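Here is the structure we will look at.
Keep in mind that the numbers below use all heavy atoms, side chains included, and drop hydrogens, waters and symmetry copies. The structure displayed is predicted, hence computed values, not measured ones. Note on naming: letters A, B, ... go to the chains in the order of the sequence lines (proteins, then strands), and numbering restarts at 1 for each one.
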2 protein chains.
Amino acid sequence: MTNLLICSRDALDYIEQIEQAKIANLKIQISPKSPGSIINGKEVDVLLGEPELCISALPYCPNVKWVQSTWAGIKPFVDSAPHNFKLTGIKNCFGSQMREYVFSYLLYFSRKIQTFNELQSQQNWSQPSCSQLQGKTLGILGMGSIGVEVAKTAKHFQMEVIGVAKSARKLDCVDQFYGLSQLASFAHRLDYLVVLLPHTNETDKIIDQRFLSQLNEQCILINAGRGQVIDEKALLHALSQNQLQAAVLDVFTEEPLPKGHPFWSLNNLYISQHTAAISKPKEISNIFLENFRLFQNKQTLMHLVDWKKGY
Amino acid sequence: MTNLLICSRDALDYIEQIEQAKIANLKIQISPKSPGSIINGKEVDVLLGEPELCISALPYCPNVKWVQSTWAGIKPFVDSAPHNFKLTGIKNCFGSQMREYVFSYLLYFSRKIQTFNELQSQQNWSQPSCSQLQGKTLGILGMGSIGVEVAKTAKHFQMEVIGVAKSARKLDCVDQFYGLSQLASFAHRLDYLVVLLPHTNETDKIIDQRFLSQLNEQCILINAGRGQVIDEKALLHALSQNQLQAAVLDVFTEEPLPKGHPFWSLNNLYISQHTAAISKPKEISNIFLENFRLFQNKQTLMHLVDWKKGY
């Protein structure tokens with residue numbers, strides 16, 4: 001018998017998906033709001049859920065062997081949980097959402113939709129000229145599976161794609177790689193920048209005052225990775241000085257972004273409330289179920305986190 | 001000696017481009033504002049320019065053998081000019097602009113950018129759920145070269161693409177074709193509809209009350225073809241009754257759209273002032289120059305209009 005504890009706001013959706021797989025000898029329970037009330041916590045083998053909820057449950061489940069995170073961002077586990085279990089993340093689920101998110105904003109700016117809406121409200125038949133994405137340069141910070149999907153869409157639109165990675169790879173969808181030591185010359189070339197980095201010690205505030213000062217004033221920055229990779233004070237300053245054209249932020253150091261935070265009211269900042277790519281229980285369940293079979297057969301799990309590297 | 005008369009608001013750009021080709025025995029003049037002042041009009045062999053300006057010049061240039069339109073929409077020639085010359089249109093220039101235009105609005109709606117902007121102005125961390133283009137059905141009315149480019153982008157985003165054409169063709173980017181007699185069942189299936197039809201007698205008001213009544217209420221319609229293919233009164237009624245979610249109109253029966261027209265103030269109608277794909281003199285000049293060589297060699301011109309068919 002394997003005991004699974006689900007620690008998720010979407011627990012009922014997960015149960016529905018997992019029960020369809022009709023796994024023998026699997027006992028499922030949902031974590032109660034107060035983790036102290038978990039029944040027979042010592043018998044729990046596997047956790048499935050959001051990082052913060054799993055971390056609250058872990059002290060009551062000392063014999064957990066494997067945790068499947070339902071979120072891509074697993075840094076909370078790395079920072080604050082014991083490392084005496086296998087942790088698996090989520091990959092390949094967010095690419096199609098993220099490419100739509102990123103290109104919705106790239107095209108919103110290049111096609112000047114806001115300007116056209118304003119002209120319409122004035123009944124004004126002016127014809128502002130729009131720029132094209134085709135031929136422009138998109139930089140991608142964070143060339144994991146999501147970054148590759150975004151790069152492919154950029155190539156579809158015939159953009160120049162440059163990426164930052166620790167080691168250059170051969171990818172048809174990336175024209176050129178820059179190393180982490182070349183961030184300034186990378187920043188200098190960009191019409192658009194998409195940040196998709198996970199939060200690690202190495203990426204903490206990697207977008208700093210120095211990096212921002214290298215951007216050209218027409219550049220548009222989109223952060224859909226983690227808030228902590230941007231020095232938010234430096235970005236606030238750069239935006240208010242028009243060192244770049246605009247920023248779109250999906251993620252923040254503190255979420256929800258507190259009322260009164262100056263980000264809310266900057267007119268060249270756009271906020272999307274951490275909705276760029278959401279975990280869909282059906283897709284996540286498929287990953288969990290595939291991993292569960294590997295777990296039962298004592299095989300290597302997919303998307304296993306290296307505790308030392310932190311991703 | 002060949003005499004070319006340029007009838008375009010971008011005449012100086014065209015002269016610059018054409019002179020770079022250093023064609024021997026070519027005399028270029030720009031049409032004056034008052035076409036009656038054209039010098040030696042009887043000697044003009046070739047016209048290059050916008051339809052309305054060319055049509056004004058034609059009575060003063062009775063020996064013109066070939067007119068190269070700088071616009072894709074050549075119906076004014078078909079309707080009102082004599083048909084005693086060869087007319088060539090423009091193709092393959094607008095696809096990359098049009099795919100960006102169409103997808104800017106598809107993603108603007110699916111990613112709810114307007115809603116997020118409103119939430120931001122209220123400092124509100126609500127997280128509305130967005131839909132994805134992936135898996136949705138896009139209908140394309142008008143499967144010429146521009147329609148094919150839009151279809152390819154839709155397939156990139158893993159949409160279902162259905163098209164309307166007189167005769168079904170085998171195209172990797174189109175999942176299914178409907179005939180002109182099946183418009184109602186075509187309309188019924190759509191999440192998004194892009195209209196890219198030229199204006200001909202056959203397409204005049206093809207989007208009528210009956211067609212609109214078949215759309216589902218979440219459907220979004222984009223017209224970037226010609227205004228006359230939509231029965232504008234019927235669309236106004238359908239939008240005000242929320243028979244469809246929204247419409248984006250780049251083109252209108254009367255342009256500029258007159259002040260006070262009810263379209264300006266409908267809250268589910270978006271206007272883009274005929275800017276979706278604009279003629280770029282550099283690209284158009286390349287087509288003209290290639291055609292000019294064919295013309296000199298008495299070969300068949302590219303993008304030749306069939307006067308009977310009207311396109």
Among A:Q132, A:Q127, A:K259, A:H261, who wins on heavy-atom pairs under 4.5 Å with chain B?
-> A:Q132
Is chain B contacted by the side chain of A:I271, its backbone, both, or neither, given a heavy-atom distance below 4.5 Å?
-> both
Of the backbone (N, CA, C, O) and the side chain (C-beta and beyond), which part of B:L119 lies under 4.5 Å from a heavy atom of chain A, both, or neither?
-> both
If you tally heavy-atom pairs under 4.5 Å against chain B, which of A:Q273, A:R99, A:Q134, A:Q158 wins?
-> A:Q273
Heavy-atom distances under 4.5 Å only: say whether B:T115 touches chain A with side chain, backbone, both or neither.
-> neither
With respect to chain A, which residue among B:I113, B:N124, B:T275 yields the maximal number of heavy-atom pairs within a distance under 4.5 Å?
-> B:I113
A:S129 versus chain B, heavy atoms under 4.5 Å apart: side chain, backbone, both or neither?
-> neither
Please state whether the side chain, the backbone, both or neither of A:K280 comes within less than 4.5 Å of a heavy atom of chain B.
-> side chain
For the residue pair A:Y105 and A:Y108, does the interplanar ring angle fall in the parallel (under 30°), tilted (30 to 60°) or perpendicular (over 60°) class?
-> perpendicular
Pick one of side chain, backbone, both or neither for B:L133, based on which atoms fall under 4.5 Å of a heavy atom in chain A.
-> both
What distance do B:N268 atom CG and B:L239 atom CG have between them, rounded to the nearest 0.5 Å?
-> 4.5 Å
Heavy-atom pairs under 4.5 Å with chain A, option from B:S121, B:C130, B:S126 with the top count = B:S126
Evaluation steps, ring pair (Phe, Tyr, Trp, His ring centres under 6.0 Å), between B:Y14 and B:F288 = CA-CA 10 Å; B:Y14 283 111; B:F288 171 75; 8.3 Å; no
Under 3.5 Å side-chain donor-acceptor pair for A:E50 and A:S8 = yes
Geometric class of the B:W264/A:W125 ring pair [parallel <30°, tilted 30-60°, perpendicular >60°] = perpendicular
Return the orientation label for the B:F109 and B:Y270 ring planes: parallel under 30°, perpendicular over 60°, tilted otherwise.
-> perpendicular
Select, from B:S272, B:P256, B:S265, the one with the greatest count of heavy-atom pairs under 4.5 Å involving chain A.
-> B:P256
Look at B:I278, B:L269, B:T153 and state which one has the largest set of heavy-atom pairs under 4.5 Å with chain A.
-> B:T153
Euclidean distance, B:L244 CG relative to B:L193 CG, rounded to 0.5 Å = 9.0 Å
Which of parallel (below 30°), tilted (30 to 60°) and perpendicular (above 60°) describes B:F252 and B:F263?
-> tilted
